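For reference, the structure is listed below as structure tokens.
One-based numbering along the sequence shown. For clarity, every value in this text was computed on a predicted model and none was experimentally measured.
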Amino acid sequence: MSGPDPEIPDDRHRSRQRQLAGDLRALILAGDIGPDQRLPSTAELTRRYAVNNQTVTRALAILKAEGLVTGHRGRSVVSTRRRPAVVRAGHHPAPVTPGREAVTRLLDVGETGAPAQVARAFGIPDGDPVAVRHQMLVLDTEPAELIWTYHPTGIARGTALTENRRLRGGSPAVLAALGHPLRHAVDQVSVRPATVAEFIALQLTGDIPVLRQFRVAYTDGDRPIEVTVMIKAGQQFEIRYELPSPG
């Protein structure tokens, strides 16, 4: 048996099937394996990665669970047309990938103690009460994103922001009507493993990470007026940033 491909790192903390699934996933998402294109055969993958048939079968099962490939035992495996939804980096971005059905479900509305990062953004002590709206974005019937939107209680109490219903125009429309138009927002984006609760809620498979966006939106006078935490299923999204031309 030939040794492992020299370009594949020896990761002893990650199973070979997940390494193989990761390599194939990267090729699919980058377009090197296009929609409806056959993946390399089991025999080719066993030679290339120095693994057995069972490892290849398990790796392909991971990709099938993610909806990236389709096929049956003993038949060719092909890439599907499923790709991540592309979202614009802007306030309350919406999926722009054609053909993806997006529905936002309101899960809960109430008050909670401000998490540390939210408290720092608002300039209040940790644990002070803040209003929160908790939602889930569903793409093509699959949970794709968990969203928590926080507002200072001094602004939110007694307004539509604390009502258990969808908001026409979203929170920006409500804030603008209250005299607090959103002027700009700043995002911090990070990638990490999912928590147990996130893994369950987003119905993640395998070792798919989550994309975390922490957004602070400001009104006049550069006053922080809204904080949003978005936890996106890593395989479901790509974020598009549009930058102004220099000069």
For Ala102 and Leu139, which heavy atoms make the closest approach, and how far apart are they?
CB-CD2, 3.7 Å
How would you list, by chain and number, every residue that makes a side-chain contact (heavy atoms from CB on, under 4.5 Å) with Pro35, sequence neighbours excluded?
Arg81, Arg83
Taking every heavy atom of Thr80 against every heavy atom of Gly67, the minimum-distance pair comes out as OG1-O, 2.6 Å
Going by heavy atoms in the side chains, are Arg25 and Ile62 under 4.5 Å from each other?
yes
Applying a strict under-4.5 Å side-chain criterion to I, L, V, M, F, W and Y, I'd like to know whether Leu182 and Val118 cluster together.
no
Quick one, Leu137 and Gln135 - any side-chain contact, counting heavy atoms below 4.5 Å?
no
Do Thr219 and Leu175 pass the side-chain contact (heavy atoms from CB on, under 4.5 Å) test, and can you show the C-alpha distance, the side-chain angles, and the key distance before you say yes or no?
CA-CA 9 Å; Thr219 187; Leu175 289 167; over 6 Å; no
Before accepting this row, confirm whether a basic side-chain N of the pair Glu198/Arg212 lies closer than 4.0 Å to the acidic partner's carboxylate O.
no
Starting at CZ of Arg18, measure out to OG1 of Thr55 and round the result to the nearest 0.5 Å.
12.0 Å
Given Leu20 and Val56, is the side-chain contact (heavy atoms from CB on, under 4.5 Å) satisfied, shown in steps?
CA-CA 7 Å; Leu20 175 52; Val56 172; 3.9 Å; yes
From CD1 (Ile155) to NE2 (His180), nearest 0.5 Å:
4.0 Å
Show, in sequence, the C-alpha distance, side-chain angles and deciding distance for Thr46 and Asn53, and conclude whether the side-chain contact (heavy atoms from CB on, under 4.5 Å) test is met.
CA-CA 6 Å; Thr46 59; Asn53 287 357; 3.2 Å; yes
Shortest non-hydrogen pair, Val229 vs Phe214, comes out as CG2-CD1, 3.7 Å
A quick test of your reading: do over 12 heavy atoms of other residues, nucleotides or ligands sit less than 6.0 Å from CZ of Arg105?
no
Please determine whether the number of non-hydrogen atoms from other residues, nucleotides or ligands lying under 6.0 Å from atom CZ of Arg183 exceeds 12.
yes
Got a second to check how far Gln213's CD is from Asp187's CG, nearest 0.5 Å?
5.0 Å
Is there a side-chain contact between Leu29 and Leu68 in this structure, where contact means two heavy atoms from C-beta onward sitting under 4.5 Å apart?
yes
Hey, could you give me the CG/OG1 distance between Leu39 and Thr42, rounded to the nearest 0.5 Å?
9.5 Å
Pair Arg82, Ile28 - check side-chain contact (heavy atoms from CB on, under 4.5 Å), show working.
CA-CA 10 Å; Arg82 176 172 177 166; Ile28 292 170; over 6 Å; no
Quick one: are Leu60 and Leu24 in side-chain contact, heavy atoms under 4.5 Å?
yes
Under a 4.5 Å cut-off applied to non-hydrogen side-chain atoms, are Leu161 and Leu167 in contact?
yes
Tell me whether Leu211 is reachable from Leu204 by hopping between hydrophobic residues (I, L, V, M, F, W, Y) whose side-chain heavy atoms are closer than 4.5 Å.
no
Evaluate Glu111 against Arg157 for salt bridge (charged side-chain N to carboxylate O under 4.0 Å, His left out), listing each step before the verdict.
CA-CA 9 Å; Glu111 290 190 7; Arg157 281 177 179 166; 2.7 Å; yes
Residue pair Thr149 / Ile147: nearest heavy atoms and the distance that separates them:
OG1-CG2, 3.8 Å
Backbone of Glu163 reached by a side-chain donor or acceptor of Arg133 within 3.5 Å
yes
Are Val189 and Tyr150 co-members of a hydrophobic cluster defined by side-chain heavy atoms under 4.5 Å apart?
no
So His151 and Ile225, do their side chains get closer than 4.5 Å, heavy atoms only?
no
If you look at every heavy atom in Thr153 and Ala131, which pair is closest and at what distance?
CG2-N, 3.7 Å
Interatomic distance, Leu146 atom CG to Met230 atom CE [nearest 0.5 angstrom]:
12.0 Å
Nearest heavy-atom pair of Ala194 and Val210: which atoms, and what distance?
CB-CG1, 3.8 Å
NE2 of His134 to OG1 of Thr112: how many Å apart, nearest 0.5 Å?
11.0 Å
Looking at Asn52 and Gln54, would you say the former's side chain and the latter's main chain have a donor-acceptor pair under 3.5 Å?
yes
Is it true that Ile200 and Ile208 fall in one hydrophobic cluster, defined by side-chain heavy atoms closer than 4.5 Å?
no
Can you confirm whether Thr159 sits close enough to Leu178 that some side-chain heavy atom of one is under 4.5 Å from a side-chain heavy atom of the other?
yes
One pair to check against side chain to side chain donor-acceptor pair (under 3.5 Å): Arg120 and Gln117. What are the steps and the verdict?
CA-CA 5 Å; Arg120 287 195 297 272; Gln117 195 177 16; 5.4 Å; no
In terms of hydrophobic clusters joined by side-chain contacts under 4.5 Å, are Val174 and Val227 together?
no
Within-4.5 Å side-chain heavy-atom neighbours: Tyr49 and Asp23:
yes
